[in-house]
Amino acid sequence: MLDAHYNPKLVEKGKYDFWKEEGYFTAKECEKPKFSMVIPPPNVTGMLHLGHAWDTTIQDITARYKKAKGFDVLWLPGMDHAGIATQAKVEERLKNEGITRYQLGRENFVKKVWEWKDEYAATIHDQWKMLGLSLDYTRERFTLDEGLNRAVNEVFVSLYEKGLIYRGERIINWDPKLKTALSNIEVLHQDDPGTFYYFRYLLEDGGFLSVATTRPETMFGDVCVVVNPKDERYTSYIGKKVMNPANHEWIPILGDDYVDMEFGTGAMKCTPAHDPNDFLIAKRHHLSMPIILNDDASMNERCSVYQGMDRYECREKLVKQIEKEGNLLKTEAIVHNVGHSERSGEVVEPMLKKQWFVKMTPLAKAALKNQKSEGKVEFLPERFEKIYENWMENCEDWCISRQLWWGHPIPAYYHKKTGEVVVSKNNPGEDYVQDEDVLDTWFSSALWPFSTLGWPEKTKDLERYFPLDIMITAYDIIFFWVSRMMFQSIEFQNVAPFKKCLIHGLIRDSEGKKMSKSSKNGVDPRAVIEKYGVDALRYFLTTSTSPGMDIRYSEEKIQAAENYLNKIWNAARFILLNCEGKEISKEIGKNLGVMERYILSRFQKCVENVTYNMEKYEFANASTHLYNFIYDDFTSWYLELSKVTLKGEDEKKKADVRGVCLYILKGIILMIYPYTPFIAEEIYQALPEHKKSIMLESYPEKEIQYVDENAEHIVEDLKDMIRDVRTFKVEHQLTPNQEVKLKLRQKDLSFDELMPYLKRFSFAKEIEIEKENIDGAKIYRYFDLWIEENVNIEEQKKLLEKEIEKMNQEIKRSEGMLQNTNFLSKAPKEKIESEKKKYAEYMKKKEAYTEQWKRLK
RNA sequence: GGGCAUUUAGCUCAGCUGGGAGAGCAUCUGUUUGACGUACAGAAGGUCGGCGGUUCGAUCCCGUCAGUGCCCACCA
């Protein structure tokens with residue numbers, strides 16, 4: 001028997017290991033249709049946060065639901081080596097020990113990172129377990145494992161051979177702290193305050209040009225000043241020379257359409273090696289491209305006395321020097337967009353460097369074309385498709401080489417003497433050295449949907465489970481990951497990697513701010529689980545918002561979830577207590593009482609609504625339907641009403657009630673099970689008849705033979721009556737259990753079966769049924785319910801007047817519609833019919849109230 | 001500068017193709033009814049951001065204005 005109180009800790013204990021050991025998480029080739037997904041591999045950089053918990057719980061619900069629906073479900077787990085992020089963490093740890101990675105050397109450093117990886121993989125496993133994720137551990141992968149490395153090399157070599165990967169010298173984003181190149185999307189742009197400096201550039205034949213910049217230190221790398229050839233102010237200067245006030249070199253004035261005449265002074269300095277636009281201008285005009293920064297963003301040997309100085313220190317000192325020389329015209333405080341490294345936060349420096357790139361145009365084109373075909377990926381919600389496409393349409397070549405040690409080595413080899421480049425899966429020989437860089441982490445993550453299934457081998461798993469049925473992830477990595485999985489899969493598998501893509505939002509703190517380490521507003525899932533249990537956390541995460549929207553963390557809601565689970569727990573306990581050792585009808589549905597017919601019918605509708613929403617991945621809607629059924633129909637009404645029978649003498653009826661209760665209880669816990677598997681399993685195991693685990697059960701199906709509209713109507717009427725009596729008591733300051741006398745006028749409805757219920761729930765001493773009009777002053781409402789108690793006539797009248805006024809308003813509204821010829825001619829038939837019905841209902845009620853009002857003398 | 005989303009009860013949010021405004025929490029009143037006080041019964045609370053338009057009818061569709069949040073973008 002279930003304990004008297006729901007205790008999440010006791011309930012959760014041992015279940016995960018049980019499921020895992022029984023092999024319930026393992027996908028098997030079998031007769032069933034397959035349903036496959038892969039976990040977005042978490043970085044091995046640290047703890048999982050609430051965002052992970054949310055993302056994985058949605059997936060777990062999906063996996064468990066599909067399994068219960070009869071699918072052979074594969075949910076493949078794994079982790080990401082997270083190149084930059086992990087390396088940075090390990091370096092930081094070493095720094096605390098006073099060691100740098102250079103002191104360790106590459107090999108030893110990488111060994112240290114593997115140690116780190118093992119440590120954090122263990123933590124992540126613990127957290128997956130804590131969350132109850134039904135992951136197929138027999139197929140777990142790591143982005144840096146051997147098999148995935150084969151996939152990476154295969155893809156790299158293939159793309160290179162197709163001309164879709166190239167090595168080239170271009171302006172890339174340089175992170176001076178981590179000393180590596182970054183791709184465009186690893187740079188976060190933010191508005192920072194800055195200064196716009198206006199300098200005097202002396203002309204060779206007298207006079208000067210005013211040129212403005214926010215980065216004076218880059219002037220050491222300037223090769224010209226550019227003006228728009230259409231700019232009449234400057235046309236005569238083109239071809240002449242000006243003096244760079246930083247290094248006093250004479251540089252030419254060129255004309256180029258790129259320059260915006262409206263902006264600044266209309267004359268722009270050009271630093272080809274440190275600005276993407278300047279780079280393009282320099283290319284057009286065949287100019288030199290001097291680099292002036294070292295890898296740590298200090299000034300290099302081209303910068304005279306500033307050599308070795310940090311870029312900002314140089315900026316400050318240089319401006320002072322120029323000012324001293326009388327060439328600083330003015331300064332202006334501005335706010336401008338500055339790129340920061342996503343990982344280190346450092347201001348990114350655009351730099352001319354030789355790197356490896358993926359040529360995006362052909363790949364993006366194919367991906368976009370696929371989205372217009374039958375094989376398109378269905379985004380949920382739909383709007384994210386546009387965001388994805390928009391990015392695909394505008395993306396630039398992807399810089400994939402990183403100057404790191406932790407990651408997939410680039411399968412490119414250089415001849416020691418000739419420098420010849422060989423791109424190959426194997427080392428071409430002793431005369432060659434391998435490229436020292438590694439690949440962007442996302443290069444390997446992009447292959448995740450098929451590399452984890454064994455590709456490039458033709459494995460059974462790949463054949464059976466690919467493409468995936470759904471990908472579930474947050475909107476902040478659509479560009480990083482979703483888009484890249486798409487074009488790689490289309491390129492190498494000729495098909496999109498998944499059929500659907502369910503996008504969810506981000507979790508925010510209770511104030512609505514993004515959770516982050518720096519603002520220290522992060523909530524540790526483990527603390528929440530400790531306090532409320534994982535089922536409550538899972539329920540909160542998956543029912544608090546609609547698809548695509550952010551969640552605001554709310555401890556109150558988690559508390560509410562726990563209360564809800566306690567409610568289910570107690571309902572189950574009540575039912576089981578009443579069934580223990582008693583006779584239970586096996587076959588329900590025959591000669592049932594009206595209450596049982598009612599609740600069975602309501603339950604079918606609940607199953608229908610829940611299933612409908614589960615299929616659409618509308619987990620919040622599905623849970624709301626279930627919640628309403630459980631709270632209102634089942635526990636607040638049916639279980640209370642059923643006590644009438646259970647306390648009675650009729651053994652057959654009692655057995656029926658027990659049978660119905662068990663049937664519905666089982667259905668309820670099967671529907672709540674994907675959300676809250678632990679409590680569901682616990683209750684399931686307590687059922688008189690059950691399999692070894694709830695994981696072997698099937699999802700409830702709607703059973704049409706139990707739908708009974710008539711029973712629903714009858715019981716709704718009864719509920720109305722009971723509510724009326726309750727309200728009456730409150731309004732007259734009677735205690736709820738105050739005994740009253742009821743008289744009611746029997747009309748078309750047969751109340752006989754309802755009498756015991758009405759009596760018990762109204763605390764009626766007696767109920768008199770009048771065939772005719774009743775002559776009396778104590779009348780209550782339209783059910784023709786008379787309540788003989790100390791009724792304040794004036795108050796009663798007022799209440800009735802209020803009701804009548806309400807009805808009048810409804811009638812007025814309804815009449816307005818029904819007398820409107822346009823409505824009658826244009827509105828759908830059903831609308832008109834239902835409106836007519838409503839109208840009749842209002843009239844009937846009004847009439848009854850009015851009649852009663854008249855009796856109140 | 002583009003784009004996406006959002007504005008509904010004190011708070012957090014639902015509201016499914018236009019047809020009588022909902023939930024949870026909070027508030028107030030009452031309840032030792034034998035599953036649950038982590039509960040039960042009731043109550044109060046909203047000009048659905050503003051203004052136009054379409055429609056017989058708009059929280060819902062269109063336009064516009066305003067507030068909020070986010071994403072993208074090479075303006076020195």
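Chain A is the first sequence line, chain B the second, and so forth, proteins listed ahead of strands; every chain is numbered from 1. Just so it is clear, the structure is predicted and the values come from calculations on it, not from any experiment.
- Among the atoms of the strands shown, none is found under 4.0 Å from any heavy atom of A:Phe199.
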Step by step, work out the side chain to side chain donor-acceptor pair (under 3.5 Å) result for A:Asp3 and A:Asn7. CA-CA 8 Å; A:Asp3 289 346; A:Asn7 181 337; over 6 Å; no

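- Here A:Glu640 lies in heavy-atom contact (under 4.0 Å) with a base.
- Residues of residues 550-557 of chain A having a heavy atom closer than 4.0 Å to RNA chain B, listed by number: A:Arg552, A:Lys557.
- At the heavy-atom level, A:Ala827 lies under 4.0 Å from base atoms of the strands shown.
- With respect to the salt-bridge test (charged N to carboxylate O, under 4.0 angstrom), the residues A:Arg284 and A:Asp256 qualify.
- Listed nucleotides: B:rG19, B:rA35, B:rC56. Nearest to the side chain of A:Ala571: B:rA35.
- The aromatic rings of A:Tyr475 and A:Phe384 sit parallel to each other, their planes meeting at less than 30°, with 60° as the upper class boundary.
- A:Lys729 comes within 4.0 angstrom of no nucleic acid atom, judged by non-hydrogen atoms across all strands.
- No contact: A:Val211 has no heavy atom under 4.0 Å from any strand.
- At a threshold of 4.0 angstrom between heavy atoms, the contacts of A:Tyr612 with the nucleic acid are absent.
- No salt bridge links A:Glu389 with A:Lys386; every basic N to acidic carboxylate O contact stays at or beyond 4.0 Å.
- For an aromatic pair to be called close, the ring centres must be under 6.0 Å apart, and A:Phe629 with A:Tyr627 fails this.
- Residues meeting the side chain to side chain contact (heavy atoms under 4.5 Å, CB included) test with A:Thr624, sequence neighbours left out: A:Asn628.
- Ionic pairing of A:Lys330 and A:Glu332 is present here: one or more N-O contacts between side-chain nitrogen and carboxylate oxygen are shorter than 4.0 angstrom.
- Salt-bridge formation is detected for the pair A:Arg813/A:Glu810: a Lys NZ or Arg NE/NH1/NH2 atom is positioned less than 4.0 Å from an Asp or Glu carboxylate oxygen.
- Using the six-membered ring where Trp is involved, A:Trp54 and A:His504 have ring planes that are tilted, between 30° and 60° apart.
- Among residues two or more places apart in sequence or in another chain, the salt bridge (Lys or Arg N to Asp or Glu O under 4.0 Å) test is passed with A:Arg311 by A:Glu346, A:Glu349.
- Of all the residues in residues 217-228 of chain A, not one reaches under 4.0 Å from RNA chain B with any non-hydrogen atom.
- For B:rC74, the base has a donor-acceptor partner in the side chain of A:Tyr258 [N/O atoms by modelled type, under 3.5 angstrom].
- Of the listed nucleotides (B:rA35, B:rA76, B:rC25), B:rA76 has the atom at the smallest distance from the side chain of A:Thr214.
- Proximity note for A:Lys643 (side chain, C-beta onward) versus B:rA14, B:rA35, B:rA41: the nearest is B:rA35.
- Ion pairing between a basic and an acidic side chain is recognised when a charged N comes within 4.0 Å of a carboxylate O; A:Asp397 and A:Arg170 show such pairing.
- Nucleotides B:rG3 and B:rG63, compared at atom P, are 13 Å apart to the nearest Å.
- Rounded to an integer number of Å, the gap from A:Glu815 CD to B:rG57 C1' is 17 Å.
- Look at A:Lys531 and A:Glu555 and you find a salt bridge, because one of the NZ, NE, NH1 or NH2 atoms lies within 4.0 Å of a carboxylate O, short of that distance.
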Considering only nitrogen or oxygen atoms on both sides, find all protein atoms under 3.5 Å from nucleotides 5-8 of chain B and state each distance.
none

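- Here B:rA14 is the nucleotide among B:rC70, B:rA14, B:rA76 with the atom lying nearest to any side-chain atom of A:Ser546.
- If you take atom C1' in B:rU59 and the same atom in B:rU27, they sit 26 Å apart, rounded to whole Å.
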If you write RNA chain B from 5' to 3' in dot-bracket form, with Watson-Crick or G-U pairs under 3.5 Å, [ ] for crossing pairs and | for pairs with another strand, what do you get? (((((((..((((.....[..)))).(((((.......))))).....(((((..]....))))))))))))....

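- OP1 or OP2 of B:rA39 has not a single side-chain nitrogen or oxygen of A:Asn570 nearer than 4.0 Å.
- Comparing A:Ile334 and A:Glu618 against RNA chain B, the residue whose closest nucleotide sits nearer the 5' end is A:Glu618.
- Taking the side chain of A:Lys826 as heavy atoms from C-beta on, and the options B:rA76, B:rA39, B:rC56, the nearest nucleotide is B:rC56.
- The ring of A:Tyr757 has its center no closer than 6.0 angstrom to the ring center of A:Phe761.
- Here A:Asp260 lies in heavy-atom contact (under 4.0 Å) with a base.
- Nearest to the side chain of A:Val730, among B:rG19, B:rG42, B:rC25, sits B:rG42.
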